[in-house]
Amino acid sequence: AYARRLLNNWFSIEEAYRNGIASDAMYLTAAEDVRAVIQKRPGVIGVFEIVSSQYDMSSYPLLAPLEAAIEERRASGPGSGSIR
């Protein structure tokens, strides 16, 4: 639920930004939030990997760091990352 909530929030911010509703400052804050979650909660990347299969993240530049972290985890093999 945590991963889905974050993804839905980030998707909403990306869409709002594209439509001129969200400011540059809000978008930059969201971009920093994506990076902070990856850095401070690396164990949740495995959850994002599972949940993200139900979303098309490729059209959301805001989520590029998360996509990269998921790909890095996949390349590292099973069991990489731990839930913290």
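The distance from the CD atom of Glu14 to the CG atom of Asn9 is 12.0 Å, given to the nearest 0.5 Å. In this structure, CZ on Phe11 lies 10.5 Å from CZ on Arg4, to the nearest 0.5 angstrom. Annotation: the span from Asp33 atom CG to Thr29 atom OG1 amounts to 8.5 Å, rounded to 0.5 Å.
The closest side-chain heavy-atom distance from Tyr55 to Leu63 is not below 4.5 Å. The side-chain heavy atoms of Tyr60 and Ile13, taken from C-beta on, include no pair separated by under 4.5 Å. You'll find the side chain of Leu62 stays beyond 4.5 Å of the side chain of Tyr17, heavy atoms only. Under the 4.5 Å side-chain criterion, counting only non-hydrogen atoms from C-beta, Phe48 is not in contact with Ile38.
Nearest heavy atom pair, residue Met26 against residue Ala22, reads SD-CB, 3.7 Å.
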| Where do Ile45 and Glu72 land on the side-chain contact (heavy atoms from CB on, under 4.5 Å) test, with the steps shown first? | CA-CA 10 Å; Ile45 294 171; Glu72 182 179 324; over 6 Å; no

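Under a hydrophobic clustering in which Ile, Leu, Val, Met, Phe, Trp and Tyr are joined whenever their side-chain heavy atoms come within less than 4.5 Å, directly or via other members, Leu7 and Tyr2 fall into the same cluster.
When the options Leu66, Ile70, Val44 are evaluated for a side chain to side chain contact (heavy atoms under 4.5 Å, CB included) with Glu49, the one that passes is Ile70.
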